Amino acid sequence: MKLFDLSGEVAVVIGATGALGGAIAEGLGQAGAKVAVLGRNAERGEACVKQIHKHHSHAKFFAADAVSRESLHHAHEEIQKAFGAPTILVNAAGGNDPKVTVTAERSFEQIAVADWVANFDLNLVGGVLLPCQEFGPGMAARGKGSIINIGSASANIPLSRVVTYSAAKAAVISVTLFLAREWAPKNVRVNAITPGFFPAEQNRRLLFNEDGTPTARAAAILGHTPMARFGKSEELIGAAIFLASSKASSFVTGTEIRVDGGFLSQTI
């Protein structure tokens, strides 16, 4: 039995146009899955597809907005025509808006409610709720599926300055646990991967100065990370393949796999 062979699986990766989602999409394709690359940016989506094709794997880009149920439904229909019924769903859409970051110029009480709502729409509604409502019931009806949500180290212990993002990601973990219990009788497993600090477009300005040197915040993060470095996007692939495989993780649901270099184990 090949524990990590995903041949015959159809994987939907929402947010595969980003660095972390793209790496996971490529890894699932390399493991044999047919990969539906979903996102709003066609250029990045096609680049991800091209990367997956290098591994002689099947992949196709489908334009979709995670915060639109109508858009997701249309993509779902097109995926079924191209590849068949999805068996794996990776929810990697999300991010933090600078407008909801506490700074020297913007205190907690100055963050507008509308900006709070927008952040929750992106990370919770589009990041988990709508995709699970669209793809989950079909998996449950067929009696097979693996849903992988992307959490954050800030969900467990709220990090300074990113209070809204931390709250939204905490909600992601809560919904993950709820759905794990809800769909376990239908043989649909729901788990989360919690990345530590991985330099990406959304946080690069917080971590690096214009000249490429690390900021004071980056130094503080590395000082709190036992492995003393940032993560690389490809280091999420192993956890994703494990959770996606119905052979390797058939009795795993409602769990959170941390890929953080030990960040959450560090105290003093």
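A quick note: this is a predicted structure, and the numbers were derived from the prediction, not measured.
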Any chance you could lay out the salt bridge (charged side-chain N to carboxylate O under 4.0 Å, His left out) test for K34 and E9, step after step, and finish with the verdict? CA-CA 6 Å; K34 297 177 181 178; E9 306 286 355; over 6 Å; no

Donor-acceptor pair, T194 side chain versus R258 backbone, under 3.5 Å? no

For the backbone of V190 and the side chain of T253, can you confirm whether one donor and one acceptor N or O come within less than 3.5 Å of each other? yes

Heavy atoms only: give me the nearest [X]-[Y] pair and the separation to one decimal.
X    : Y    : value
V128 : P131 : O-CD, 3.4 Å
Y165 : G95  : CD1-O, 3.6 Å
P195 : L236 : CB-CD2, 4.2 Å
K169 : S152 : CG-CB, 3.6 Å
I147 : W183 : CD1-CZ3, 3.6 Å
A155 : A170 : CB-N, 3.5 Å

Would you say the rings of F198 and F230 are close, in the sense that their centroids are separated by under 6.0 Å? no

Report yes if the distance between the aromatic ring centroids of F83 and H58 is under 6.0 Å, otherwise no. no

Return the [atom1] to [atom2] distance between [X] and [Y], rounded to the nearest 0.5 Å.
X    : Y    : atom1 : atom2 : result
N191 : N149 : CG    : CG    : 8.5 Å
L124 : I173 : CG    : CD1   : 11.0 Å
C132 : M139 : SG    : CE    : 8.5 Å
N91  : I148 : CG    : CD1   : 9.5 Å
Q30  : E234 : CD    : CD    : 11.0 Å
S71  : L130 : OG    : CG    : 10.5 Å

Between E26 and K50, does any NZ, NE, NH1 or NH2 come within less than 4.0 Å of an OD or OE carboxylate oxygen? no

Classify the side-chain pair [X]/[Y] by whether it contains a donor and acceptor separated by less than 3.5 Å.
X    : Y    : result
S249 : R189 : yes
E77  : H73  : yes
S107 : E109 : yes
T215 : N209 : no

Flag side-chain contact, heavy atom, 4.5 Å: [X] against [Y]:
X    : Y    : result
D260 : T225 : no
P226 : S265 : yes
F242 : L3   : no
L243 : I257 : yes
N123 : T164 : no
I14  : L72  : yes
C48  : F61  : no
V117 : N119 : no

Before giving the answer on side chain to side chain contact (heavy atoms under 4.5 Å, CB included), spell out for V163 and F108 the whole-Å C-alpha distance, their side-chain angles and the decisive distance to 0.1 Å. CA-CA 8 Å; V163 57; F108 167 78; 4.1 Å; yes

Quick check: are there more than 12 heavy atoms from other residues, nucleotides or ligands sitting under 6.0 Å from [atom1] of [X]?
X    : atom1 : value
E43  : CD    : no
Q266 : CD    : yes
R40  : CZ    : no
H74  : NE2   : no

Candidate pair K232 and E235, rule salt bridge (charged side-chain N to carboxylate O under 4.0 Å, His left out), full reasoning: CA-CA 5 Å; K232 302 174 184 177; E235 291 179 306; 5.8 Å; no

